Amino acid sequence: MSKKITIEPVTRVEGHGKVTIHMDNNGNVYQTRLHIVEFRGFERFVQGRPYWEAPVLVQRLCGICPVSHHLAAAKALDVIVGAGTGEGLTPTGEKMRRLMHYGQFFQSHALHFFHLSSPDFLLVSTATPPSET
Amino acid sequence: MKDTVKQILKQYGSDRNRLMDILIDIQEQLGYIPKDAIDLLAANLGMSQVDVEQTISFYHFFSTKPRGKYAIYLNDSAVARMFGYDSVKRTFESEAGIKFGQVSDDGLIGLFNTACMGMSDQEPAAIINNKVFTRLTPYRVREIVKHMREGKAVEELMNESYGDGKNQLPSLRSIVSSNVRRKGMILGDDYEMGTVTKTRLTKMSPEAVIAEMKHSHIRGRGGAGFPTGLKWEFCRRSKGDKRYVICNADEGEPGTFKDRVILTEKPELVFEGMAVAGYAIGSDEGILYLRYEYRYMKDYLNEVLENMRKQNLLGKEIAGIEGFDFDIRIQYGAGAYVCGEESALLESLEGKRGEPRDKPPFPVEKGYLGMPTIVNNVETFGTAVKIVLNGGEWFTQFGTEDSTGTKILSISGDCMFPGVYEVDWGFNVEDMLDMVGAWEVQAVQVGGPSGTLIGSKEFHRTLGYSDLSTGGSMIIFGPQRNLLKDVVLNFMHFFIEESCGSCSTCRNMTQVMTNKLTKILNGKGVKSDLDDLQSWAKTLQASRCGLGQTAANPIVSSLKNFRHLYEALLQKDKDFDQGFDMEASVQASCNYVGRVPNFNHH
Amino acid sequence: MSNLAKFKIDGVECMAEAGKFIVEAARENGIFIPTLCNMPGVKPQGACRVCTVRINGRLMTACTTPIGDGMEIESNKPDLIDIRKSIVELLFVSGNHFCPACEKSGDCELQALGYLYQMMVPRYPYDFPLREVDASSPYIIKDQNRCIMCKRCIKSVKDEEGRSYFAFHNRGDKLEVVLDKVLGESMDKQTAEKAMESCPVGSILVKEKGFAKPIGTRKFDRKPIGSDVKL
Amino acid sequence: MSKPVIATTSLAGCFGCHMSILDIDERILQLFDLVEFNKSPIDDIKKFTKPVDIGIIEGGCCNSENVEVLKDFRKNCKILISLGECAIMGGLPALRNGIPVEECLHEAYIGGPTVQLNTKHILPNDDELPMLLDKVYPCHEIVKIDYYLPGCPPRADLIWDALVALITGDPLKLPYELIKFD
C-alpha cells in the first residue's frame with residue numbers, strides 16, 4: 001500500500017496550496033502533486049453581467065494580484081469599446097495602468113519579505129520548529 | 001382573433017377600469033390571452049403592454065398560453081388532501097399522460113392545481129371549463145377523461161344527479177350539494193322576497209334604516225368584524241357625487257363555502273340587502289364581486305336579478321319609492337385570495353392587480369373609482385334585510401352582547417355531517433363538534449389559515465368577535481392527521497402562493513418561515529429554530545393588510561397549542577444545524593465528472 | 001394660514017401642516033424616519049414598510065399616514081428599530097446584493113440602511129435566487145437580482161402619454177419588475193437617467209457609465225443616511 | 001495569563017482578507033505581543049497544536065474540503081470570526097449560486113471559447129481533489145459563527161480595532177467609515 005505525506009496548507013506564501021508526496025512501499029517517491037484547486041466557475045457566472053462590471057468582478061479572482069486581473073479585464077474592454085488599438089488608449093491611461101501594476105509588485109514583494117519570510121531571517125528563535133510543520 | 005378582441009373592447013367601451021371583464025371574456029372565448037390580444041388591448045386602452053400583463057400575470061385563471069380544450073383545475077387545499085386528492089391527482093396524470101401544470105401535446109387536456117374553491121364539504125373537487133365536479137374518485141376521473149377523448153361537452157361529462165336545493169334549477173344545473181344542515185334567520189324559509197322593500201323602505205328614511213342597523217350592533221360577517229351600521233353611516237356622510245354598494249363574494253378563505261350556499265339558496269335575500277344598503281347610503285349602483293370559482297352560477301344569478309327587475313325590486317323607482325334607483329351588476333374575480341380584502345377587491349374592480357391599498361383613506365371615504373363605497377360580505381347583506389324587517393332590538397336577542405345575531409358556519413373535515421350550519425354567536429366548539437358528529441378530534445382550524453389551530457384544551461371556548469372569531473371556516477382534524485405536515489405546511493404554501501407580493505414583509509417572510517418549518521419536518525430542527533419562528537413572525541405585523549399580518553398564524557398558533565409536535569421532531573443531540581447536507585450537496589458535481597463521492601481522503 | 005397640527009414623535013413636540021404625511025412632517029421637525037420606497041412627488045407606495053411607526057398601539061407606515069392633531073407617534077423604539085432592521089435583512093437575503101461588484105454601492109439606500117442598523121450579517125438564510133438581467137433597452141440595464149420591488153420606477157417613469165415603462169409581473173415571491181419591450185427600445189437618454197435616479201438600489205443602471213464615482217466620494221461613504229435631516 | 005491563541009484560514013476566499021490582516025502594517029509587532037499565532041497560512045503551523053481562542057475564517061464553503069476545514073476550526077476554536085463578504089454571504093464566488101454546477105464545469109473545461117486543447121474533454125476527477133458543492137455556503141450556514149467583520153476586504157483598521165477589543169475586553173466602538181460591505 002503506498003504511503004503519502006500531505007503538506008497542507010502550503011504556508012509562508014500568499015494564496016492556497018497543498019502538496020501531496022506519494023511513495024511506494026519502500027519509501028521511494030513516485031509522484032508529487034501541488035494542489036491549487038480553487039475552482040469557482042468565473043467563466044460561467046460572469047456571463048450575463050454588464051460588461052463594464054468585468055474588471056470589478058474578476059479582480060476578486062485573487063486577493064494578492066487583483067490589479068493584474070483588473071487590467072486584463074480592462075484590456076478586454078478596450079477591444080469591446082474600440083479603445084484597444086494601441087493609440088486608442090491615451091498615454092495617461094497606459095501610464096496609470098503601469099503605475100497600478102508596479103504598485104502591486106511593490107506591495108506584494110514588501111509583504112512577502114517583511115511578513116512571510118523575515119521571521120526566518122530576523123527572529124530565528126520564534127520560527128516554528130520543523131517538527132511542528 | 002383581432003375582431004373578437006375588438007368586439008369585446010367595444011362592449012366595455014374601451015374602459016381600462018373594466019380590464020377584468022375584458023380579459024375574462026377573451027380568456028373564455030379564445031381559451032387564453034394571446035400576445036397579439038395584449039398588444040391590441042395596450043393600444044386601445046392607452047397602456048403599455050407590461051401594464052396589461054401586470055394584471056394578467058396576477059390572477060390564477062388568466063393565461064397567456066392555451067390551457068387545453070378541457071382546462072382542469074384540481075383543488076389542492078388541506079381538506080381536499082384529507083379526502084383523496086393524491087389518488088385523484090395521480091389518476092388524472094396517468095389518464096391524461098401529462099403532469100400537473102402541463103397541457104397535453106394534442107391540446108386536449110390541461111392539468112392545473114388551484115387553491116380552495118369553496119367545496120370543502122364535498123372534496124376532492126375540480127373545475128373543468130367553469131363547471132364544478134365534486135366527490136371525485138379515481139374511477140370517476142377515468143370516466144371523465146374517457147368522455148373527453150370522445151369529445152363530449154363538459155355538461156355531458158356530468159352523469160351524476162344534480163345537487164340538492166336550488167342546484168337542480170335549469171339555470172344552475174350543478175352537481176354541487178348545498179348541504180344546509182341547520183337553518184336560522186338567514187337560511188330559514190319564512191321570508192318572501194320584496195317584503196322589506198315594499199313595506200319597510202317605503203316608510204323608513206335612510207337615516208332610520210341606518211339607526212336600526214346600529215341598534216342591532218351587527219358586525220361584518222366577512223371576518224374583519226367592523227360594525228356595519230357605523231360603516232354605512234360614515235359612507236352616507238362622506239362627500240362624493242356617487243356612492244357604491246359592493247358585495248364581497250370572493251370567499252377565498254380555505255374551508256369557507258357558506259357564501260356559495262347563501263348565493264345558491266337565498267340570492268334574492270342578498271340582492272335585496274344590497275338594495276337596502278343602497279337606499280340607506282344613497283347609492284344607485286351595486287356590484288357583486290364574485291370569485292371566478294363560482295362562475296358556474298352566472299346564468300342562475302343573472303336570472304334572479306332579471307326577475308327582481310321585473311318585480312320592480314331593482315332598477316328605476318324601486319317599489320314606487322320616488323328617487324330610489326338601484327341596480328346590480330356582477331363582476332367576476334379571476335383567482336386571487338387577497339381580493340377578499342376590501343381594498344384589494346376595489347383595486348381588482350378597477351381592472352388592476354389585487355394589491356391592498358394603504359389606509360387612510362378608508363373605502364367609505366374613497367373607495368371604488370375614488371367615490372365613497374361600502375364593501376360588505378354576502379351574509380351581512382342578507383342579515384341586514386332581517387334587521388330592517390324585524391328591527392334592531394329583535395336582532396339583539398340572538399347571540400351575545402358583543403356578537404349579536406346568528407353566524408352561518410361552513411364546517412368540513414373529519415366529521416359525519418359536513419355542511420352549512422346557522423347558529424347563534426356564542427356557540428361553543430364542544431357543542432359544534434357534537435352537532436356535526438365529530439368524536440376523537442385532534443384539532444380544529446377556526447377561521448381558516450388566517451385563524452387559529454386549537455386543541456381539545458380550547459374546545460370550551462365560544463364563537464364570537466371577542467373570543468374565537470371566524471368568517472365561517474371551521475375545519476375538523478381527526479387523530480390520524482399529521483397536523484404539521486398536512487395542515488400547517490399546506491396553509492403556509494397557501495400564503496406563499498396567495499401573497500400579492502407588494503410589501504417586503506409578507507412577500508419574503510412567508511417563504512423564509514416555511515423553509516424553516518420544512519427543515520424541522522425533515523428532521524433537521526434544533527431548539528433555536530422554534531425561538532426563531534416565534535420572533536421572525538413579529539416582522540409580519542408590519543404588513544399592509546390582513547393577509548400579511550396573519551400569514552404566520554398557522555405556525556404561531558400551532559406552536560402555541562401543539563408545541564409538543566414540534567419538539568418531538570427536534571434533534572436531541574444538537575443545538576446548531578442549518579440543514580447543510582454534504583452528501584446531497586456534492587452529488588451533482590460528482591455525477592457530472594463521473595466520480596463516487598469519498599469523504600476520508602486526507 | 002393652513003391649519004397646523006401639533007403632534008409628538010417619541011415625546012418630542014412637533015408641528016406641521018395637518019394632512020401632510022408623517023415622514024415629511026417629521027423631517028420638517030428635524031426627525032429622520034427611514035424610507036426606501038418613498039419618493040418626493042410620487043404617491044406613497046407603502047411597499048417596503050421600513051418607515052413603520054406605532055400610533056395608539058397600531059403599526060402604520062409613516063409615508064402613507066397623514067398627520068392628525070394630537071397624534072402620539074412612537075418611532076425610535078427598540079422593537080420598531082428591530083422590525084426595520086429585520087426588513088432590511090429580508091431584502092438583502094431575498095435578492096442577490098453583492099455590494100463589492102455593484103456600481104450603486106455607496107449611493108445605495110438599502111446598503112445605507114444596512115450601515116445605519118450595523119447589519120453585520122442577516123439573521124435569515126440567504127436565498128440566492130437567480131433572476132434576469134434585461135439589457136434590451138439601448139440606454140439602461142434592468143437587473144432584477146437587485147430589485148426590491150419598491151415601485152418607484154413604476155410610478156415615476158412614464159412616457160408623454162402617461163404610459164408606464166416599468167410594471168410588476170406575477171405575484172407573491174415570484175414578483176418581478178419588468179421593462180416594457182416596446183417603450184424600452186425607444187427610451188431616450190433623459191428617461192434613462194430619470195429611471196436610474198428613481199431606483200434606490202442598483203437595479204436600473206445607465207449603460208456604459210459604470211463606477212463613475214471613486215470610493216470615498218459617494219453619498220453614504222462618510223455620513224449615514226438621514227444625517228442631513230436636522231432642524 | 002498566557003497570550004490568547006489565534007488561528008486563521010482561507011476557505012473559498014481570494015486571500016484578500018488575509019492581505020488586509022497584514023495591512024495593519026507595523027502594528028503586527030504589537031499583535032505578536034498581544035497574541036500567539038497557531039495554525040495559519042502566514043506561519044508554518046499546519047495543524048492545531050493547542051486549543052485556540054480565536055479562529056478567523058476567510059471565505060465561504062465552495063467545496064467539501066472547505067467544509068471539513070471549517071468544521072475542524074469550529075472544533076478547535078472557542079470563538080470563530082467570519083472575516084469578509086465571502087465568509088458572511090458567500091461573496092463573489094456565490095454569484096454561481098442558482099447556476100447548476102455542471103454548467104460551470106462545462107464552461108471551464110469543455111464548452112468555453114478558450115478550451116480547444118481539451119479535445120478529450122478531460123474533467124477534474126481524482127479522489128484527492130475536493131468535491132464541488134451544489135452552491136457556495138456562507139460559513140454561518142454550516143457552523144455556528146460568533147462574530148462577523150464585513151467588507152471586501154474588511155478595512156485593516158476594522159480588523160485591528162475588533163481584534164484588540166476582543167482580546168482586551170474593551171468595548172468596541174466602530175466608527176461609521178469602517179463598516180462597509182464593499
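Just so we're on the same page: letters track the sequence lines, and every chain starts at 1. From a predicted model like this one, the values you see are computed outputs, not experimental measurements.
With chain C as partner, the option from D/Gly91, D/Pro150, D/Ser82, D/Gly90 having the largest number of non-hydrogen pairs under 4.5 angstrom is D/Gly91.
Contact detail for D/Asp182 and C/Pro100: the closest heavy-atom pair is CB-CA, 3.8 Å. Between C/Tyr126 and D/Ile88, the shortest heavy-atom contact is CE1-O, 3.7 Å. When all heavy atoms of D/Glu177 and C/Arg222 are compared, the closest pair comes out as OE2-O, 3.2 Å. When every heavy atom of D/Met89 is checked against every heavy atom of C/His97, the shortest pair comes out as CE-O, 3.6 Å.
Contact check for D/Ile99 versus C/Leu130: side-chain heavy atoms found under the 4.5 Å cut-off. Side-chain contact between D/Tyr137 and C/Phe128 is absent, with no heavy atoms from C-beta onward closer than 4.5 Å. Side-chain contact between C/Tyr115 and D/Lys180 is present, with at least one heavy-atom pair separated by less than 4.5 Å. No side-chain heavy atom of D/Tyr148 sits under 4.5 Å from any side-chain heavy atom of C/Met119. In this structure the side chain of C/Met120 reaches within 4.5 angstrom of the side chain of D/Ile179, judged on heavy atoms.
Few gaps surround CD on D/Glu102; more than 12 heavy atoms of other groups in view lie less than 6.0 Å from it. Other residues, nucleotides and ligands contribute more than 12 heavy atoms inside 6.0 Å of the NZ atom of C/Lys77. More than 12 heavy atoms of other residues, nucleotides or ligands shown are found within 6.0 angstrom of NZ on C/Lys213.
Residue D/Ile145: no heavy atom, backbone or side chain, is found under 4.5 Å from chain C. If you measure heavy-atom distances from D/Leu149 to chain C, you find no contacts under 4.5 Å at all. Looking at C/Phe92, the atoms closer than 4.5 Å to chain D (heavy atoms on both sides) all sit in the side chain, from C-beta outward.
Side chain of D/Glu85 to main chain of C/Cys99: no donor-acceptor pair is present (N/O by atom type, distance under 3.5 Å, no hydrogens or angles).
Note: C/Cys108 SG to D/Phe181 CZ = 9.5 Å, rounded to the nearest 0.5 Å.
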